[in-house]
Amino acid sequence: MEFFVSLLDILLFPDPQLRKVAAPVNTVDGRVAALADDMLETMYNAPGIGLAATQINVHERLVVIDVSEENDQPLVLINPVLVHSEGEAEMQEGCLSIPEIYETIKRPSHVTVEAVDREGSPFKLDADGLLAVCLQHEIDHLDGKLFVDYLSPLKRNRIRKKMIKAARELEDND
Ligand code: ZN
């Protein structure tokens, strides 16, 4: 059996579209399931461990995650809500919208998230470690927030300039 999926373009920081707040998904139907499949394929191809719809310029509350080594544990979270968080941990984060930039970010270490899966069934997820960080990072995207927002304005501005310069060099090479 063959699946037809398409790879989607990922917006790059500082694209202002990344700052939009996503709207809730009203109905989980075939369109949303197909979008989730395309997002997973795009994420695996990048490669990355998480992707929010905001990053592909779709402003709906949908994220996909897979933190497994084998890329065989895809998670689809529709309308995810962070209902509980506790503890504190520092981890190095990166983002498909901010390639080649990695910074240590402090966040709660344990989270509970409620969401709906690609079949439309509600579920609850308790997470720690990398998955907890990834969940928070992706839900932030839906609210127009990026991991560089946790850095000092000076550091963030340096990254912004680096990204703009890299984009310009890419254009010149075309
Ligand atoms: Zn990201």
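Linking Ile, Leu, Val, Met, Phe, Trp and Tyr whenever their side-chain heavy atoms come within less than 4.5 Å leaves Met39 and Leu11 in two separate clusters. Val25 is connected to Val76 through a chain of hydrophobic side-chain contacts under 4.5 Å among Ile, Leu, Val, Met, Phe, Trp and Tyr, so both are in one cluster. Hydrophobic clustering (ILVMFWY, side-chain heavy atoms < 4.5 Å, transitive): Leu18 and Leu51 are in distinct clusters. Under the 4.5 Å side-chain heavy-atom criterion for grouping Ile, Leu, Val, Met, Phe, Trp and Tyr, Leu96 is not connected to Ile101 through any hydrophobic cluster. Residues Val64 and Val67 do not share a hydrophobic cluster, clusters being chains of Ile/Leu/Val/Met/Phe/Trp/Tyr side chains in contact below 4.5 Å.
For the atom pair CG (Leu8) and CD (Glu41), the distance works out to 10.0 Å, reported to the nearest 0.5 Å. In this structure, NZ on Lys124 lies 5.0 Å from CD on Glu114, to the nearest 0.5 angstrom. Considering CD1 of Ile78 and CZ of Phe123, their distance stands at 8.0 Å, rounded to 0.5 Å. Rounding to the nearest 0.5 angstrom, the gap separating the CG atom in Leu12 from the CD1 atom in Ile164 is 11.5 Å. Separation of atoms CD1 (Ile98) and CZ (Phe147) is listed at 4.5 Å; rounding is to 0.5 Å. To the nearest 0.5 angstrom, Lys165 atom NZ is 12.0 Å from Lys161 atom NZ.
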**Prompt:** side-chain contact (heavy atoms from CB on, under 4.5 Å) between Cys134 and Ile49: does it pass, once the steps are laid out?
**Reply:** CA-CA 8 Å; Cys134 197; Ile49 59 170; 4.1 Å; yes
**Asked** Where do Asp37 and Arg118 land on the side-chain contact (heavy atoms from CB on, under 4.5 Å) test, with the steps shown first?
**Response** CA-CA 9 Å; Asp37 291 343; Arg118 77 193 278 296; 2.8 Å; yes
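For the 3.5 Å distance criterion, the side chains of Asn57 and Gln17 qualify, holding a donor opposite an acceptor. A donor-acceptor pair shorter than 3.5 Å can be found between the side chains of Thr112 and Asp126.
Under a 3.5 Å cut-off, the side chain of Thr54 and the backbone N or O of His141 do form a donor-acceptor pair. Under the 3.5 Å distance criterion, the side-chain polar atoms of Thr42 are matched with a main-chain donor or acceptor of Asp38. Put simply, the side chain of Asp143 never gets that close to the backbone of Lys145: no donor and acceptor are under 3.5 Å apart. Panel note: side chain Asp66, backbone Gln73; a donor-acceptor pair is recorded below 3.5 Å. When atom types are taken as modelled, the side chain of Asn79 and the backbone of Ala115 share no donor-acceptor pair closer than 3.5 angstrom. At distances below 3.5 Å, not a single donor-acceptor pair connects side-chain atoms of Glu169 with backbone N or O atoms of Ala166. Under the 3.5 Å distance criterion, the side-chain polar atoms of Asp29 are matched with a main-chain donor or acceptor of Val32.
Salt-bridge check for Arg19 with Asp149: passed, with a basic side-chain N closer than 4.0 Å to an acidic carboxylate O. Between Glu138 and Arg61 there is no salt bridge, since no side-chain N of the basic residue sits under 4.0 Å from a carboxylate O of the acidic one.
Proximity of Leu131 to Val111: side-chain heavy atoms (C-beta onward) are nowhere separated by under 4.5 Å. No side-chain heavy atom of Ile56 sits under 4.5 Å from any side-chain heavy atom of Asp9. Counting heavy atoms from C-beta on, the side chains of Leu146 and Asp140 never come closer than 4.5 Å.
Put simply, the residue from Leu62, Val116, Leu135 that forms a side-chain contact (heavy atoms from CB on, under 4.5 Å) with Leu77 is Leu135. Val148 pairs in a side-chain contact (heavy atoms from CB on, under 4.5 Å) with only one of the listed residues (Arg156, Arg160, Met163, Arg158), which is Arg156.
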When the side chains of residues 88-95 are checked against the rest of the protein, which donor-acceptor pairs come out under 3.5 Å, sequence neighbours left out?
| residue | atom | partner | partner atom | Å |
| --- | --- | --- | --- | --- |
| Glu93 | OE1 | Arg107 | NH2 | 3.0 |
| Glu93 | OE1 | His137 | ND1 | 2.9 |
| Glu93 | OE2 | Arg107 | NE | 2.7 |

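Around CD of Glu100, the count of heavy atoms belonging to other residues, nucleotides or ligands within 6.0 Å does not exceed 12. Within a 6.0 Å radius of CD in Glu119, more than 12 heavy atoms belonging to other residues, nucleotides or ligands are found.
Heavy-atom minimum distance, Val28 versus Gly120: CG1-N, 3.8 Å. Residues Ala53 and Leu142 approach most closely at N-CD2, 4.4 Å, considering heavy atoms. Contact between Pro108 and Ser85 at its shortest, heavy atoms only, is CB-CB, 3.7 Å.
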